[in-house]
> 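Here's a structure for you.
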Amino acid sequence: MRDTIAAIATAQGVGAISIIRVSGIDAISIVQQIFSNPKLSDAPTHTMHYGFIQDEEKKVDEVLVSVMRGPKTFTTEDTVEINCHGGVATTKKVLELVLVHGARLAEPGEFTKRAFLNGRIDLQQAEGVMDLISASTENARGLAMNQVRGEVSKKIKELREDLVGILTEIEVNIDYPEYEENIEVTHHMLLPKITELKKKMRDLLSKSEDGQVLKTGIKTAILGLPNVGKSSLLNILLNEDKAIVTDIEGTTRDMVEGSILLNGLQFNMIDTAGIRKTNDVVENLGVEKSKQLIDTADFILFLVNNNKMFTKEEVELLEKIKQKEYLVVVNKMDLEPVIDLKDIDESHIIRVSVKEGQGIEELKQKMVEPFMETVPAKDLTYLTNARSIALLKKSFEELKEVEKGVNEQVPVDMLAIDIREIWNCLGEIIGETYEEELIDELFSRFCLGK
């Protein structure tokens, strides 16, 4: 990382200000070559300077230049930020001059990658930066901010410290059995420590799975037969005409999606094709996709008609969705009731008239109820990305095997090998141990200039 990188750090397009970020050993000297103010090279750290960006004698733009000397910067390297006027042409010209005078165009996420490789942040904090940029709700922002601040990493480090404590006791016994003051580590002594560690890991895993819902949203499928009002319900919930509504059966042949925010929770709504037997090849594909969605959805709104009895298809669907969080939305309450709901728990029923707009606010409140425990009062300190959660799950399963080994009196020195593997696995979460290919792939997901 001896070279100097540069990129546009603000969104491209017309705007008041654009920022070109430069980081590396030659960052200050490169910018000095194109900056009219000669004092930049000797400028104190964390100061801002007025002047012009110049292409030889020609003035390109009037700018403010920030100088930040390492190691007290995001990348720990000398960093310069050129604050120029917004606009595509001006911004590109300033970046072009920086590159011509010795900088290299940064890869996506390379500034954050350098911060990680230089020890400024760990891998959890780096992923938190990406989550903070993409956060679409206040809860998601809070989760990401705790990652950036290192609060999540602390929990992983505490688990690793507990493991180190156990390993130290075991290995001292193995390596120095002659010391009389050493307490022999027995299975009886190990069991409560492993049990307590397993509890901590289980609690973090449970919260982290909830945290992933807060971050990405609740995948909500609207299911039902044709013409029960699924598309109309989607439109009224989103408050826009997202889905086409007609009286013709089979109008919706593919999934229509949109998102709503309720009590800080994001519901990712999916209107599906009406489920029925059909000879139409295209519609039939949509029906199959609707059925498959039952397995992947977090929440299901099962729409039925108040003025009709359950069909065989609806009874079968109802049995399938009972393994999920679901609501039976009884539509067309403005019509004479015919449907028989006696076999459905009343807590899973909500009555509406989509056409008249009745019961929609009550439906929104009812949608939030199953997930209220997911919304934290204060604690937003847990893992939220699939990579980290998968590693935590793997560590938890391996710890369960260690607990089983303790109960089965497996030799303590053999258990130490497994405990060290768990310690390494948790290290991958925060980047204490990692493969270079993983790091390259992870940071490639970042936007350019971050």
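Just the heavy atoms: all of them, side chains too, but no hydrogens, waters or symmetry mates, feed the values below.
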> Tell me if a side-chain donor or acceptor on Asp78 pairs with a main-chain N or O of Gly70 at a distance below 3.5 Å.
yes

> Could you tell me if Ser388 and Gln124 have a donor-acceptor pair between their side chains, going purely by distance under 3.5 Å?
yes

> For Asp295, is there any backbone N or O sitting under 3.5 Å from a side-chain donor or acceptor partner on Lys324?
yes

> Between Glu127 and Arg387, is there a salt bridge with N-O shorter than 4.0 Å?
yes

> Could you go through Leu123 and Phe116, starting from their C-alpha distance and side-chain angles, then the distance that decides it, and tell me whether this counts as side-chain contact (heavy atoms from CB on, under 4.5 Å)?
CA-CA 7 Å; Leu123 205 52; Phe116 166 69; 4.1 Å; yes

> Donor-acceptor pairs under 3.5 angstrom involving side-chain atoms of residues 415-425: please list them, not counting sequence neighbours.
residue: Arg420; atom: NH2; partner: Glu171; partner atom: OE2; Å: 3.0
residue: Asn424; atom: ND2; partner: Arg420; partner atom: O; Å: 3.4

> Determine, step by step, whether Leu318 and Ile344 satisfy the side-chain contact (heavy atoms from CB on, under 4.5 Å) criterion, reporting the C-alpha distance in whole Å, the side-chain angles of both residues, the deciding distance to 0.1 Å, and the verdict.
CA-CA 9 Å; Leu318 190 55; Ile344 304 173; 3.6 Å; yes

> More than 12 foreign heavy atoms under 6.0 Å from NZ of Lys394: is that the case here?
no

> I'd like to know if the side chain of Thr220 and the backbone of Ile218 have a donor-acceptor N/O pair within less than 3.5 Å.
yes

> Within a reach of under 6.0 Å around CG of Leu105, are more than 12 heavy atoms found that belong to other residues, nucleotides or ligands?
yes

> Between Phe302 and Lys320, is there a cation-pi geometry (under 6.0 Å to ring centre, at most 45° from the normal)?
no

> Quick check: are there more than 12 heavy atoms from other residues, nucleotides or ligands sitting under 6.0 Å from NZ of Lys308?
no

> Do Leu426 and Met201 make a side-chain contact, defined as non-hydrogen atoms from C-beta onward lying under 4.5 Å apart?
yes

> Run the side-chain contact (heavy atoms from CB on, under 4.5 Å) test on Asp440 and Lys113 for me, step by step, so that the C-alpha distance in whole Å, both residues' side-chain angles and the decisive distance to 0.1 Å come before the verdict.
CA-CA 8 Å; Asp440 291 341; Lys113 182 179 178 181; 2.6 Å; yes

> When you measure from the side chain of Asp345 to the backbone N and O of Ser347, does any donor-acceptor pair fall under 3.5 Å?
yes

> Taking the side chain from Thr73 and the backbone from Glu77, do they hold a donor-acceptor pair closer than 3.5 Å?
yes

> I'd like to know whether Asn306 forms a side-chain contact (heavy atoms from CB on, under 4.5 Å) with Arg351, so could you lay out the CA-CA distance, the side-chain angles of the two residues, the decisive distance to 0.1 Å, and finally the verdict.
CA-CA 8 Å; Asn306 176 55; Arg351 295 168 175 83; over 6 Å; no

> Look at Glu403 together with Lys400 and state whether they make a salt bridge at an N to O cut-off of under 4.0 Å.
no

> Would a 4.5 Å heavy-atom cut-off, applied to side chains only, mark Ser66 and Met68 as touching?
yes

> Do Leu341 and Asp343 touch side chain to side chain, with heavy atoms closer than 4.5 Å?
no

> Would you call Val67 and Ile28 a side-chain contact if the rule is heavy atoms closer than 4.5 Å?
yes

> Does the cation-pi check pass for Arg21 over Phe111, that is, NZ or CZ under 6.0 Å from the six-membered ring centre and within 45° of its axis?
yes

> Counting heavy atoms not belonging to Lys322, are there more than 12 under 6.0 Å from its NZ?
yes

> Should Glu110 and Arg114 count as an ion pair when the cut-off is N to O under 4.0 Å?
yes

> May I have the step-by-step check of side chain to side chain donor-acceptor pair (under 3.5 Å) for Asn83 and Glu81, ending in yes or no?
CA-CA 6 Å; Asn83 299 261; Glu81 290 186 350; 5.3 Å; no

> Give the C-alpha distance, both sets of side-chain angles, the deciding distance and a yes or no for salt bridge (charged side-chain N to carboxylate O under 4.0 Å, His left out) between Arg104 and Asp3.
CA-CA 7 Å; Arg104 169 177 65 77; Asp3 56 349; 2.6 Å; yes

> May I ask you to decide whether Glu158 forms a salt bridge with Lys155, counting only side-chain N to carboxylate O separations under 4.0 Å?
no

> Classify the ring geometry of Phe299 against Phe371: parallel below 30°, tilted from 30° to 60°, perpendicular beyond 60°.
perpendicular

> I'd like to know if Glu196 pairs up with Lys199 as an ion pair, taking the criterion as any Lys NZ or Arg NE/NH1/NH2 lying under 4.0 Å from an Asp or Glu carboxylate oxygen.
no

> Between Asp298 and Lys219 (salt bridge meaning N to carboxylate O under 4.0 Å), is one present in this structure?
no

